[in-house]
Amino acid sequence: MGAAELTIPHTALEGGEPAQAARQCLYYMSLMREVEDRIERKLYRQGKIVGGVYVGRGQEAISVGTALLAAPGDVLFPSHRDMGVLLIRGVTAGQILAQYMGRVGGVTRGKDGNMHMGDLKLNVVSIISAMAACVPVAAGAALALRYQGKNNVVLCYFGDGATSRGDWHEGLNFAAVQKLPVVFICNNNQYAYSTPISRQMSCANVADRGPAYGIPAEIVDGNDILAVQEAGKRAMEHARAGKGPYLIECKTFRMTGHSANDAADYVPKNLWDEWAKLDPITRLEVRMRDKGWGTQAEFDQLRARVKAEVDEAVAWAEQSPYPDPATLLDDVYENL
Amino acid sequence: MGAAELTIPHTALEGGEPAQAARQCLYYMSLMREVEDRIERKLYRQGKIVGGVYVGRGQEAISVGTALLAAPGDVLFPSHRDMGVLLIRGVTAGQILAQYMGRVGGVTRGKDGNMHMGDLKLNVVSIISAMAACVPVAAGAALALRYQGKNNVVLCYFGDGATSRGDWHEGLNFAAVQKLPVVFICNNNQYAYSTPISRQMSCANVADRGPAYGIPAEIVDGNDILAVQEAGKRAMEHARAGKGPYLIECKTFRMTGHSANDAADYVPKNLWDEWAKLDPITRLEVRMRDKGWGTQAEFDQLRARVKAEVDEAVAWAEQSPYPDPATLLDDVYENL
Amino acid sequence: MPTTYLEAIREGLWEEMERDSNVFLIGEDIGAYGGAFKVTAGFLEKFGEKRVVDTPISESAIVGASIGASLMGLRAVAEMQFSDFITCGFDQIVNFAAKCRYRWNAPVPMVVRAPSGGGIHGGPYHSQNPEMWFVRTPGLKVVAPATPYDAKGLIKSAIRDNDPVLFFEHKGLYRRIKEELPEAEYTVPIGKARIAREGRDLSIITYGAMVWVALDAAEKLAAEDIEIEVVDLRTLLPLDRETVCASAKKTAKVLLLHEDTRTGGMAGELAATLTESVWEYLDGPIVRVTAPDTPVPFSPPLEEAFLPNAEKVMDKARWLARY
Amino acid sequence: MPTTYLEAIREGLWEEMERDSNVFLIGEDIGAYGGAFKVTAGFLEKFGEKRVVDTPISESAIVGASIGASLMGLRAVAEMQFSDFITCGFDQIVNFAAKCRYRWNAPVPMVVRAPSGGGIHGGPYHSQNPEMWFVRTPGLKVVAPATPYDAKGLIKSAIRDNDPVLFFEHKGLYRRIKEELPEAEYTVPIGKARIAREGRDLSIITYGAMVWVALDAAEKLAAEDIEIEVVDLRTLLPLDRETVCASAKKTAKVLLLHEDTRTGGMAGELAATLTESVWEYLDGPIVRVTAPDTPVPFSPPLEEAFLPNAEKVMDKARWLARY
Ligand SMILES: Cc1ncc(C[n+]2csc(CCOP(=O)(O)OP(=O)(O)O)c2C)c(N)n1
Ligand SMILES: Cc1ncc(C[n+]2csc(CCOP(=O)(O)OP(=O)(O)O)c2C)c(N)n1
Ligand SMILES: [Mg+2]
Ligand SMILES: [Mg+2]
């Protein structure tokens with residue numbers, strides 16, 4: 001089985017049964033968790049990963065919940081903890097793993113850093129490392145969508161720390177003045193690297209910055225995927241209706257160090273336990289059980305299936321060759 | 001009489017009689033108006049000015065009102081329509097005029113652009129052209145003041161348009177997080193060059209951006225110098241007390257084109273008339289008459305005195321030589 | 001009627017806007033006001049707000065939005081009000097736009113227009129020549145026309161190019177240089193230098209406003225029987241090493257001239273190119289005439305001393321010709 | 001006990017903080033966390049929050065605040081987490097800090113530390129060599145040490161310098177290079193190159209991590225009876241043209257080597273300097289070994305092909321020695 005077949009094709013949530021939608025959420029959150037766990041806890045330690053490793057453990061509800069709402073023509077700008085976006089748009093786990101191993105089967109053929117993945121055919125734009133640099137770029141993409149008469153929106157993801165950057169301000173302001181169809185999605189995981197939110201900003205919430213741009217901003221429990229989806233729907237409807245940008249702040253927590261080699265001693269111990277109880281995957285399972293949308297047996301089955309998929313993806317990635325050094329000079333320009 | 005004797009030495013407003021304080025305000029506003037008028041309407045047209053000309057006509061209450069409140073150890077960052085700051089700190093009209101004529105008697109010895117003037121001995125920092133670049137620099141100056149245990153504050157001036165820049169955001173955010181003693185003073189003159197406020201931002205007021213940094217922000221009638229001073233006192237007290245930055249938005253209007261060669265056809269005609277009625281100098285005179293702080297005869301006398309001062313300053317500036325080309329290479333580095 | 005350098009850029013923009021509905025303009029005060037230098041005067045009326053986007057003072061957002069729109073299939077032409085402010089959008093240009101194609105095969109067909117250069121008493125922030133910040137950044141193209149013909153032909157090529165192009169237009173040439181332009185449509189290819197004057201004794205390699213200084217010096221030195229060849233680079237990146245080397249081979253002596261400051265200037269790259277490629281053909285040292293290593297001073301006598309001029313070029317050229 | 005390159009920088013910072021209470025550190029995650037590379041680990045505990053200022057993710061504010069504080073008499077040492085992000089504070093560095101003294105006689109005694117360079121599989125945004133954006137900017141000083149001795153001595157000089165200094169520390173050297181440092185205090189002057197190895201046949205002029213590549217190549221070529229002199233620039237701006245030219249005069253053949261990409265790289269400035277100053281002494285073309293003109297690729301085989309190494313240097317050096 002090829003890597004391309006490893007993921008479920010994208011189905012819009014809208015119109016689907018809630019149970020079916022929840023299962024989809026669970027599937028993608030589990031897949032993201034499994035791929036990232038495998039990277040961080042296995043392959044990285046085995047020395048098979050090239051470069052640093054940044055994962056979104058505990059934050060899966062944000063990228064998965066919102067990306068599942070997007071239409072194929074919507075344009076997504078994931079940040080560095082939003083692997084769910086890539087999986088949902090059709091990037092395979094195998095491609096992602098190959099990317100992390102620096103193989104030619106990776107999304108960027110070994111050229112770009114491991115979590116930097118984009119594919120214009122899938123309407124996913126690759127970030128650059130500089131935090132918030134994607135924000136004005138997302139506004140520009142939204143400008144193009146409107147220019148082209150498309151009824152599409154842009155989803156632009158970033159962390160709390162990114163909101164300190166000048167580009168964040170310029171991008172939101174420009175989008176607001178132009179009333180562009182962008183949904184700005186902040187994962188507020190309380191830290192930027194080692195820096196707690198209190199040293200990044202002196203307002204209480206990222207959402208408190210919405211009024212500075214005259215745009216609606218709401219705070220949502222970022223570990224509750226159904227709540228994220230409700231907010232996401234409101235925001236995307238707003239943007240799609242031509243009412244301009246919308247800011248969603250998803251409160252969450254980074255259940256890991258900043259990167260795989262950060263022990264995160266600066267995080268007060270109690271926070272780990274508190275937030276572990278709010279794990280978005282577990283919470284969705286509980287909710288599904290309560291609503292009769294799934295059973296523990298089904299969840300176990302899903303987990304096994306995801307594990308098998310990722311096993312296969314790892315194998316696929318490992319057999320992908322390293323890029324040919326002869327490609328070093330390719331693609332700096334179109335014709336040179 | 002040398003240029004250095006042309007201006008009244010700086011006296012703190014605090015403690016002075018209100019009448020005396022008002023007279024000081026009137027003097028500096030009149031002097032700024034006269035110097036700028038002379039530059040824009042006479043010397044520029046006579047071809048004696050080097051470079052473009054940007055004046056603060058109609059906005060004099062802002063720089064004059066606030067700078068008069070500053071203690072000698074406070075550090076001021078005037079922007080391009082804040083000549084009042086320079087005059088109050090002790091830069092002479094002659095030096096300013098020499099600067100505009102590219103003479104060696106100018107504050108920067110012919111090196112820097114005409115309205116770029118700073119002097120560390122006077123605690124005035126010269127702007128660079130990039131709007132809002134001075135904002136993080138002002139925060140840094142405030143950091144130094146606190147570091148040095150000084151009970152001083154920084155006054156940082158900018159226009160409405162400057163608030164769109166990334167540096168503005170980063171500077172305010174940093175100052176807020178660090179609780180630095182900076183008073184941010186915005187002259188909202190409704191335009192950035194030809195761009196009306198509605199195309200610069202989609203919040204109603206610059207002050208609406210205060211909450212994004214968790215700092216107090218207030219709106220004041222920028223053409224009422226006494227109101228500006230009330231706000232300025234509140235702000236500087238706040239900052240001096242260690243409570244962090246403060247944002248004052250002074251609503252005003254640019255009674256001129258963006259520069260001397262901009263006819264400003266984009267400004268709706270009625271606005272000129274409406275705002276002419278709100279001229280800060282006339283309004284202060286009316287108020288002073290009402291309060292018995294001055295008579296028309298005294299005002300006429302002041303005007304005549306200011307005119308004479310500026311006549312002398314022009315003469316002084318015109319006799320100042322152009323810089324020696326041999327100084328071209330000086331001062332790129334300390335010792336090279 | 002002869003067309004000014006400024007008018008030529010305007011015409012090029014206009015024609016491309018008419019030709020391709022994906023082309024749009026973005027920048028500060030470019031709409032109703034027509035831009036600080038009036039390059040885009042009349043465009044709003046003709047093409048409407050959709051295609052002439054006025055922005056807040058946000059160079060990083062201007063460049064960033066241009067990138068985003070260009071990734072989605074449009075062709076953004078961004079204006080920096082003065083090239084000095086390009087530093088405010090620097091990260092977007094050198095890290096986002098320049099690297100997209102290499103990193104993930106995503107083309108960014110955009111142009112950044114930037115009025116640059118001195119001689120107008122603009123002082124340190126309205127006179128800079130920022131080209132070398134970009135010539136050293138792979139993935140960008142850098143264009144700096146000297147003539148109305150080239151300005152029009154190159155802006156059209158820049159807009160059609162599928163890679164990000166920085167277009168440095170020299171403010172000092174805007175209204176000073178005029179020439180008759182062809183009635184028929186034409187473009188000038190990016191990456192090709194031009195021999196602005198043929199000569200046998202010495203090559204001056206230069207670009208932008210300095211082409212006129214070189215031609216002036218060449219004219220005067222012809223009277224002294226020194227025949228100078230003037231190479232106008234037109235494009236700085238990718239550099240037309242072939243034409244540069246061919247001229248050096250022909251004359252065997254090279255003077256490098258630029259308005260930009262000396263250290264780290266374009267002359268360095270040219271000197272390295274020449275010494276590694278045509279060393280055996282050179283009959284004398286490669287010399288430089290450039291601005292000195294200072295910010296651009298404001299006062300006229302200082303700026304005059306700062307800028308290269310025909311006299312400075314002639315001095316060096318005479319020395320080299322005699323070498 | 002030998003001291004690593006990283007530890008040497010740390011020691012230099014520590015000593016200067018102890019010596020002068022006006023010196024303070026500012027940057028992202030430099031406090032409790034001790035910085036992304038742990039250069040400032042322990043500084044918060046020793047010097048307190050006043051002198052070790054953690055910031056939001058705001059490179060422009062970091063540089064801007066450093067300028068403001070330095071204007072007021074402090075000496076800011078700012079850390080960029082990676083030198084790749086220096087582009088986010090670019091305008092503040094090249095337009096504010098670099099030009100203050102010239103414009104209005106206001107000194108800005110600050111240092112920007114920027115971990116740079118490749119070889120750690122960091123990809124396009126954690127591997128760049130941004131020095132040339134600054135070498136072309138008058139008013140800045142640019143330092144790039146290769147050894148622990150120089151790293152310590154130069155960071156101390158940079159902090160004491162009354163002009164803004166960019167200090168590029170090579171990430172690849174941080175823990176790889178060790179040496180015994182003197183017990184006694186010392187500094188290394190800014191603006192002076194060093195002969196890292198004496199030789200008679202050919203000079204390699206280089207800096208940063210490439211000094212080690214050059215020394216390796218020199219060692220190997222000694223076996224082939226080619227005696228290479230290696231000049232370690234240490235400071236890129238102001239450039240020590242004297243030492244460079246003296247070495248070229250001595251060996252008559254020059255190979256320029258840098259890890260940075262080719263076009264617009266430091267080699268250009270060196271080539272121009274040499275051809276205009278010591279042309280008569282050269283017995284062969286000046287050649288370059290550099291990275292090619294691409295972003296820094298991520299995957300190990302690509303990055304290996306990208307980076308200059310001893311083999312590439314030896315090939316060119318052999319050719320030139322035989323010329
Ligand atoms: C402009 C810039 N400066 C510094 C960094 C280094 N860096 C990488 S991630 C990070 C923290 C980001 O915090 P946040 O935006 O909250 O995202 P999170 O990692 O918490 O998801 C930092 C400082 C960077 N990538 N970009
Ligand atoms: C970063 C930057 N971009 C563009 C300019 C050109 N420019 C000079 S003044 C100005 C308008 C400034 O508007 P505002 O901040 O409202 O100040 P005002 O002139 O109205 O006092 C512009 C666009 C600049 N100086 N800096
Ligand atoms: Mg975070
Ligand atoms: Mg304004």
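Proteins come first, then strands; the chains are lettered A, B, ... in the order of their sequence lines, and each starts at number 1.
- Atom CD of D:E45 is surrounded by more than 12 heavy atoms from other residues, nucleotides or ligands within 6.0 Å.
- Proximity to chain A involves both the backbone and the side chain of D:T294, based on heavy atoms less than 4.5 angstrom apart.
- Of the two parts of A:H258, neither the backbone nor the side chain holds a non-hydrogen atom closer than 4.5 Å to a non-hydrogen atom of chain D.
- Classification of A:E40 and A:R45 as a salt-bridged pair fails, no side-chain N sitting under 4.0 Å from a carboxylate O.
- Heavy atoms of D:A61 lying under 4.5 Å from chain A are absent altogether.
- Residues A:K251 and A:E249 are paired through a salt bridge, judged by an N-O separation under 4.0 Å between the basic side chain and the carboxylate.
- Chosen from A:I128, A:L329, A:T163, the residue pairing most often with chain D at heavy-atom distances under 4.5 Å is A:I128.
- With a 4.5 angstrom heavy-atom cutoff, D:E28 does not touch chain A via any of its atoms.
- Note on A:T327, A:V104, A:D262: by heavy-atom pairs under 4.5 Å with chain D, the leading option is A:D262.
- Minimum interatomic distance between A:I62 and A:G222 (heavy atoms only, all atoms of both residues): CG1-O, 3.5 Å.
- With respect to chain D, the highest number of heavy-atom pairs below 4.5 Å among A:P325, A:G161, A:S194 belongs to A:S194.
- Each of D:F134, D:F96, D:F85 was checked for a ring pair (Phe, Tyr, Trp, His ring centres under 6.0 Å) with D:F90, and the lone residue meeting it is D:F134.
- Looking at A:D324, only its backbone comes within 4.5 Å of chain D, counting heavy atoms on both sides.
- Looking at A:Y193, both its backbone and its side chain come within 4.5 Å of chain D, counting heavy atoms on both sides.
- The pair A:R199-D:E49 meets the salt-bridge criterion, with a side-chain N (NZ, NE, NH1 or NH2) lying under 4.0 Å from an Asp/Glu carboxylate O.
- A salt bridge links D:D216 with D:K220; the closest basic N to acidic carboxylate O contact falls under 4.0 Å.
- With hydrogens and angles left out, the side-chain atoms of A:Q99 and A:T108 include a donor and acceptor closer than 3.5 Å.
- Only the side chain of D:E59 comes within contact range of chain A, with heavy atoms under 4.5 Å apart.
- Interface check for chain D: of the options A:R109, A:M201, A:R165, the most heavy-atom pairs under 4.5 Å are formed by A:R165.
- For chain D, the option among A:M131, A:Q200, A:K111 with the highest count of heavy-atom pairs below 4.5 Å is A:K111.
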Checklist entry - Is there a side chain to side chain donor-acceptor pair (under 3.5 Å) between A:S320 and A:R103 once you walk through the steps? => result CA-CA 6 Å; A:S320 173; A:R103 309 302 174 96; 6.0 Å; no
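- When heavy atoms are compared at a cutoff of 4.5 Å, A:A162 approaches chain D solely by way of its backbone atoms N, CA, C and O.
- Of the atoms belonging to A:N114, heavy atoms from both backbone and side chain fall under 4.5 Å from chain D.
- Heavy atoms of A:V332 lying under 4.5 Å from chain D belong exclusively to its side chain.
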